[in-house]
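Just so we're on the same page: letters track the sequence lines, and every chain starts at 1. Hydrogens, waters and symmetry mates are skipped; everything else that's a heavy atom, side chains included, is used.
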There are 2 protein chains.
Amino acid sequence: MSQKVFVSAQEVADRAGVSRSAVSRTFTPGASVSPETRRKVLEAADALGYHVNHLARGLMRNESGIVCLIVSDMATPHRSGLIKALTEQLQSAGKIAMLVNTDLSDGSVDLALRQAIRYRADASIILSGMPDKSITQLCLKSGQRLVLINRDDEQDGPLRINLDDEEAASRVVTAFLRAGCRKFALANSEAGTPSLMAREKGFVAAARTHGLDVIVERYGWTSYESGRVLAQRLLTQSQRPDAVFCATDLLACGFMDAARNQFSLSVPNQLCVAGFDDIEQASWASYQLTTFAQPLATIAQEAVLWLDSKEGANSQGRAHAIRLHADLVWRGSVRGG
Amino acid sequence: MSQKVFVSAQEVADRAGVSRSAVSRTFTPGASVSPETRRKVLEAADALGYHVNHLARGLMRNESGIVCLIVSDMATPHRSGLIKALTEQLQSAGKIAMLVNTDLSDGSVDLALRQAIRYRADASIILSGMPDKSITQLCLKSGQRLVLINRDDEQDGPLRINLDDEEAASRVVTAFLRAGCRKFALANSEAGTPSLMAREKGFVAAARTHGLDVIVERYGWTSYESGRVLAQRLLTQSQRPDAVFCATDLLACGFMDAARNQFSLSVPNQLCVAGFDDIEQASWASYQLTTFAQPLATIAQEAVLWLDSKEGANSQGRAHAIRLHADLVWRGSVRGG
DNA sequence: GGCCATCTTGCAAGCGCGTGCAAATGCCGC
DNA sequence: GCGGCATTTGCACGCGCTTGCAAGATGGCC
């Protein structure tokens, strides 16, 4: 029916009175085509509503321009912020993002990567659980680049971008000490991702160097609700902590709300709270959370920069790891900023 | 170099000792292939790490399986929730989402749609500003389906999914009256999107039928910060309102925070507040916002359902509009729930 | 005018795949 | 044993595009 669908380069060529190659070259940056021909082609293309078929182009060039974003919990403030930053950078670099949600089934990071391979994505950026070794091998063998964000691991081949979680966590200890706190607690989820564990580890270790023990509590997945539960657990301890580091802002928000509403504690007077990620809500008046800013823009930049750079010389540079610094954002949830 | 890249159907065929067609048919549901051949093919494919090239398949079938999500403000709680719901439904339906961020340049919905056309997306789902008439024409002529979510408009051809914003807004009036409020205000952004305006219109109209006037204030774009500014403006009026309907939860959160911190008003005792969207933060203890739930799952379902259904009979059903109901979620920010 | 260098253009091959068509195969009943 | 039928298989073409190659066009210079 109206299934005449898309107009092809041939039709443009016919209308412009040139060969199909001329049309192709007109839309290929850097190709040799005379101004006159180019004009005729562009005119015809415009009249006909022609758009280069990137599927076919990708087939020929063996490079689709597609970058696959593999992500779980994508409605989360931090994740959606990262997705936004990545799409912006990708689009500026002339690439396009394909989005795969891994919340559906288990082990679906592998499924997602397969999807990326099917569409011959130039690269996959993973913000989700760890992919199997076997599938990452497959990706690399197929010439797919791989970027792992905030999931440090022993994989080689892909680019890994991480924050210095441990070092950042140790700075929380300094902040808490300066606020005059002495009874430290750490609230974490049970997700057990490398960055979450690094924050925990860094905090506990730094406290220990000051001769302080830390009550560590883990619960559920990384959410506001878990923060509330963690507050229940930590604030009913015989030795109630006077400073708690939440591994994530989302946890911190839940924690603070429970501390205030259910335990009538005033933050920061009776309880200091710090978080991590600097999600938008951390700056809201109700929270004023002292936290660490994820350099989203920088992360995204580094990722697509690497994708572009490796385009030419891809065999030489094997694994590559980038470790970024997280800036401490002082707000009211810790005394003495 | 290691640029051997992807394995093709031919290689699988060679290894399995069959023709290339047999390989193709093995991966084409419903094609005629004997169990024995199928087994050999699958074995070879697995050994070689073969994956059907969806670029080439899309080229042949004239159907890429790609659906383009065109969205602005994607890091916003409501938008990211919608994106999540959509990707889930799309993936369950065997399709894949391509994500285009329109925050970069102006008029970029058109650019985004062009991108969708280039990749021969089967459809585009728009959660951003309105596309030009000309480009939507182009989409439809090219056999691209178009879905507009929450941006009612006179466009024909595409599927339009909207909430009954006006009716919902009128229910806020009822709720406020029941709470004993009499001085109404409405806080809106200056974005002026159809759904925002419909909420405003519905609220004002319903108030008027009860003989009540509404102080309407608009400011900035739809954000937490704007909510704070709106509070500044509305709560310094000589006749301070005792009930305010914020066109969006994000505005409501900012509004509530300012009302409490800067005006020391207690919600809901001195001021009732209602919002719209039911973002996650609306349920947080600090807000407990009475609001309307966007039926995200239903919206997403309807969208992909329509995409599938139209696959066969596409010419007959012209425009199609779906109007969904928004459930009122009672929480503590309005008295007498 | 002739020659060479430079630029432009068309031809044709091929990217990886789906699919119509005809040949091949297998099976059954007579 | 053979014709008829259903199923499976291979061939070959085409989807829309890029690109190497060689032919054609142009112009400068002796």
Non-hydrogen atoms of B/Q144 and B/S124 that approach each other most closely: OE1-OG, 3.4 Å

Return the angle between end axes of the helix from C/dG1-D/dC30 to C/dC30-D/dG1, with five pairs used per end and rounding to 10°. 50°

B/D103 and A/K84 ion-paired at < 4.0 Å: yes

Closest contact, heavy atoms only, B/R145 versus B/L307: CB-CD2, 3.9 Å

Thinking salt bridges, do B/K40 and B/E43 make one under a 4.0 Å N-O criterion? no

For B/T37, enumerate each residue passing the side chain to side chain contact (heavy atoms under 4.5 Å, CB included) test, keeping only those at least two apart in sequence or located in another chain. B/V18, B/A22, B/V33, B/S34, B/V41

Report yes or no: do A/T102 and A/S128 form a side-chain donor-acceptor pair below 3.5 Å? yes

Measuring from B/T87:OG1 to B/L99:CG, what's the distance to the nearest 0.5 Å? 9.5 Å

Counting primed atoms, P, OP1 and OP2 as sugar-phosphate and everything else as base, the B/S/- map of nucleotides 15-22 of chain C against protein heavy atoms under 4.0 Å is BBBBBB--

Please list residues of residues 32-49 of chain A whose heavy atoms come under 4.0 Å from any atom in DNA chain D, ordered by number; otherwise none. none

Can you list everything that forms a side chain to side chain contact (heavy atoms under 4.5 Å, CB included) with B/V52? Sequence neighbours excluded, please. B/F27, B/Y50, B/H54, B/R57

Spatial distance of atom CD (A/E88) from atom CG (A/L296) [nearest 0.5 Å]: 10.5 Å

5'-most to 3'-most nt of DNA chain D touching chain B (<4.0 Å, heavy-atom partner on protein side) reads D/dT8 to D/dG16

Looking at every non-hydrogen atom in both residues, tell me the closest pair between A/S80 and B/A75 and how far apart they are. OG-O, 3.5 Å

Spatial distance of atom CG (B/N162) from atom OG (B/S195) [nearest 0.5 Å]: 7.5 Å

Can we say B/R20 and B/D14 salt-bridge, meaning some charged N sits less than 4.0 Å from an Asp/Glu carboxylate O? no

